[in-house]
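All heavy atoms count here, side chains included; hydrogens, waters and symmetry mates do not. Note that the structure is a prediction, hence the values are computed from the model and not measured.
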Amino acid sequence: MIVKIQKSLNDNSMLIYSEDREIVYQDTLNPDIDKALGNKCKGYFEAELDGKNQLVIGKKVKNQNW
């Protein structure tokens, strides 16, 4: 699946969600994701749920239309 990750403009948090909003997650901004986003506030990434139902973020992909 593809998820959108957005950095907060107000604090050190991030919002992660899928296009259909089946996945919605907010947490502290992960340093690896911050590095992958660079100077951008949002980006799209491959993601999957592992055997423990934890979201695993993969590589960055091209911008989507949602």
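Across F45 and G58, no two heavy atoms sit closer than the pair CD2-O, 3.6 Å. Closest approach of A47 to L55, counting heavy atoms only: CB-CD1, 3.9 Å.
Partners of N10 according to the side-chain hydrogen bond (donor to acceptor under 3.5 Å, both in side chains) rule, which considers only residues two or more places apart in sequence or in another chain, do not exist here. The side-chain contact (heavy atoms from CB on, under 4.5 Å) test applied to N53 returns L49, not counting sequence neighbours. Contacts of D27 classified as side-chain hydrogen bond (donor to acceptor under 3.5 Å, both in side chains), with partners at least two apart in sequence or in another chain: Y25. Every residue two or more places apart in sequence or in another chain that forms a side-chain contact (heavy atoms from CB on, under 4.5 Å) with L15 is listed here: Y17, V24, Q26. The ring-ring contact (aromatic ring centres under 6.0 Å, His included) check on Y44 picks up W66, with sequence neighbours excluded. Shown here are the side-chain contact (heavy atoms from CB on, under 4.5 Å) partners of N12, two or more places apart in sequence or in another chain: T28, L29.
With hydrogens and angles disregarded, no donor-acceptor distance shorter than 3.5 Å links the side chain of S13 to the backbone of S8.
Linking ILVMFWY residues whenever their side-chain heavy atoms come closer than 4.5 Å, directly or via other members, places I57 and M1 in the same cluster.
Listed by first and then second residue, the salt bridge (Lys or Arg N to Asp or Glu O under 4.0 Å) pairs that reach into residues 55-66 come to none, sequence neighbours excluded. Listed by first and then second residue, the salt bridge (Lys or Arg N to Asp or Glu O under 4.0 Å) pairs that reach into residues 32-47 are K7-D34, sequence neighbours excluded.
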